[in-house]
Amino acid sequence: MKRYDYRHFICIAITLGLAALGVVAFPGSYGRILESLRDFGVSVAYYFYEIVGVSHGLTPTVNDLPALEVVPALSLPFTGEAFQRKWREYWQVFAQWNTLSAYVNWLGDRAVFLAKFLLILLPVCIASYFLIKYSMSAENNDYNRDSKPLQLYKRFASRICRPAKAWTLGFLSFIRARSIYWKLWLFLWLIYFNAITIVLEFLAFYLYFVVSFDFSAIYRQIYKLVLDLSPMLLFVPGWCWLVVGWILFDRFRKKVGYANLRHYELRNRGFINARPLVIMACGSMSKGKTTMITDIALSQEAMLRDKAFEKILEADLKFPLFPWINLENEIKRAMEYHQIYNLATCRLWARKKARRWGYFGERKKLFDYDYFRYGLTYDDHLQVVDVWEVIETYTQLYFIYVIQSSLMVANYGIRTDSLFSDLGNFPVWDSDFFHRDSRLLDSYSRHAHILDFDMLRLGRKVLAENPQKDAFEFGVVVITEVGKERGNNLELREVRKNTLETNQKNDLFNTSLKMIRHPATVAGFPFVRIITDEQRPSSWGADARDLAEIVHVKERSDTRLAMPFFALGELIYSLVFPRFERIYREHRYRRGDNTLSMYLIKNLAARLHRYRQRIYSTFAYHKLYVRIESGTMDGHYAKGKYYLMTKKIYSKRFATDCYSGFFAKKALRSVVGLDDLSEYASERASFAELEMQNSYFIHDLLEMEQREKKRK
Amino acid sequence: MKTLKRLIWVLLGVIVLIVIGYFIFAGRLV
């Protein structure tokens, strides 16, 4: 015999209870549904009769009041004229001194109520304070032992609270899995609160109004709307409205927050677009220059894809009736077979297709394009282009657009999380940085490609037969600490051009940089950008640096929040957290065991901290105040701003200590740590202590001293 | 300074709520 889950009975009981509640508390709602159906039907008939112009004797019922009397939540006047009278009266009452004093009295009453509430709360607070003080006074080393009250609390929680919570969560997932129950309950509530009636009445009035233009009936509809809303307004208690209001308010401020973040991102993109192909960010340590170039690279990657799409659309519209989907499918196939893997092979592939079509001019060989009907050329009043030229361009653009790995090639790891959605037709990229779920990062993240510097060398290569040496055509090249890689004229003084070894003078890196636009240009747009950083601009040789624009990071603002109206949350946090910190430090200093008071306080503080941290992780941003200078360093500066949004740039994007792997290896070779290093015996260093510094200066002094001794 | 700023914002919010409350209160008297 099949056993039923007992929770079905609970759900059935709830359903029956709700049905009974409808009969008792919302008797008019069923009637209103029928009335609204009637109103809607009559209005539909009225609308069609009037549209067709057939004479009829129909009187729309949408302006009739509900047959069953309803207790209104607001005492609105019955007619529009009466409302106007009341409206004038309202402002008179509003401006009266008596009203204000009555309101102040009312507020006073509420304040007294609040004071009483606080009066009850105060002894609890005082007792808690002394309890915490008392618990602090004890000192012990009972490591991780729970105090008696905490043991009792944990027993209570594990026997009552946790099972209750687990059952509730289980019941909720049970309901969610069986949608019949919650849909039925939702439907019942929609009936009780007249939601369906309101929608039907609105449609009925709309159909009536568009043919009658009866403006005088609008007030009646507002009156009826208030009557229909009354069951809900009167049934739902005040505190529920407060909760609903808070939820709506929270949603509103988050929406504004996201809108602000997107606005800042667009401003950043404007900033990047105004720069030349090579950008160099400069600034002292911890100013955020690597963060800035990573941020620029992320935006640039998204912009390259957007640009590819824009250009695809341009090409598409040149031959609007070309079956581009056939071409795209063939490109995808060619990519799978590795016939297409860069822009040059795209061009080659398109030309091969053109040649094949040229033999017999078969429609099939032109991707089933009906060229007899729609033509083979396009004239933009600048030039006439052939369909195969556009196909060649389209192939390259589609290739750039459809590559699923990152478009970044960098000398450090950068995580990218643009989402590629494909239903088998035209794929769509989602490059929104702010709505990503941190729990799912690993499932869709990709990382920047490893930058093989040989790809950027036109001359000698470090690895002569490097298979990757010609691989780079387009994308975003990101080089951090470029000066350390390339050096400047002073540092390369001893380096000779005519040697067998590859060096900065014979690898023609700079020439490659100067020409980098050429292989990357498709449809007149260069799909390439070089983004670098260094502490000082002059660390990078002038020949290459002159190509760039230098962005000096001058100042970094404090953390700001893009979400408005967080002052109350901040205030509570700033009042609670420092106090918790003080108590907690004291507790950790004195006691090794766990107490109930600290358990509760810490839980509360951790929740508050997590809430604030999550808000900040999503909506915080810094402003970077920058100065832009030409790479020739002519001393002319332009001021600018760049926004670093936490959610975009600090969500596992890159490691600020990207070279720490090397230093970790170095540190592991050491057999001593900071704690093992010798200390000075006093404030005045001894001779032996000075010698231990291995300093050039001290060595010079010691040598001088020894020379003096010998002379004597 | 920051706390003061936040306090001012919260107070402003409370004042806005009181003003809205007055509108509703006057409406109930009509």
Side-chain angles (χ1 to χ4, degrees), chain A residues 72-77 82-111 114 226 233 238 241-242 245-246 249-250 252-253 558-561 563-579 612, chain B:
Chain A
L74 287 175
S75 56
L76 271 188
F83 179 80
Q84 278 176 354
R85 260 200 317 280
K86 280 271 183 192
W87 184 245
R88 279 194 296 273
E89 206 182 307
Y90 170 76
W91 287 111
Q92 278 166 6
V93 171
F94 186 87
Q96 271 170 17
W97 189 250
N98 287 348
T99 315
L100 188 65
S101 63
Y103 181 58
V104 171
N105 279 341
W106 182 83
L107 275 181
D109 289 347
R110 290 292 157 296
L114 199 73
V226 171
L233 294 172
W241 289 115
L242 281 181
W246 179 259
F249 171 70
D250 194 51
F252 163 75
R253 64 182 183 173
D558 289 340
T559 309
R560 297 174 188 185
L561 214 54
M563 185 184 85
F565 308 122
F566 194 56
L568 184 63
E570 281 285 20
L571 191 70
I572 293 170
Y573 183 81
S574 63
L575 289 176
V576 170
F577 210 73
R579 283 170 179 78
R612 182 181 176 272
Chain B
M1 193 62 198
K2 265 189 175 174
T3 309
L4 189 72
K5 247 185 184 175
R6 284 164 194 157
L7 202 66
I8 290 168
W9 272 110
V10 172
L11 280 176
L12 270 174
V14 172
I15 289 167
V16 168
L17 285 178
I18 289 173
V19 172
I20 292 169
Y22 184 62
F23 276 88
I24 297 167
F25 185 81
R28 283 185 173 180
L29 292 182
V30 179

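In this text, all values refer to a predicted model and were calculated from it rather than measured experimentally. All chains are named by letter (A, B, ...) in the order of the sequence lines, taking the proteins before the strands, and each is independently numbered beginning at 1.
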Any donor-acceptor pairs between chain A and chain B, under 3.5 Å? If so, list them.
from: Ile18(B); atom 1: O; to: Tyr103(A); atom 2: OH; distance (Å): 2.6
from: Tyr22(B); atom 1: N; to: Tyr103(A); atom 2: OH; distance (Å): 3.3
from: Tyr22(B); atom 1: OH; to: Phe94(A); atom 2: O; distance (Å): 2.6
from: Phe23(B); atom 1: O; to: Tyr90(A); atom 2: OH; distance (Å): 2.8

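For chain B, the nearby part of Leu107(A) is the side chain; its heavy atoms alone come within less than 4.5 Å. Neither the backbone nor the side chain of Leu12(B) comes within less than 4.5 Å of any heavy atom in chain A.
Residues satisfying the side chain to side chain contact (heavy atoms under 4.5 Å, CB included) test with Ile20(B), not counting sequence neighbours, are Val16(B), Ile24(B). For Val19(B), the side chain to side chain contact (heavy atoms under 4.5 Å, CB included) criterion is met by Ile15(B), Phe23(B), not counting sequence neighbours.
Of all the heavy atoms in Phe83(A) and Pro77(A), the pair that sits closest is CA-CG, 3.5 Å.
Atom CZ of Phe249(A) has more than 12 neighbouring heavy atoms from other residues, nucleotides or ligands inside a 6.0 Å radius.
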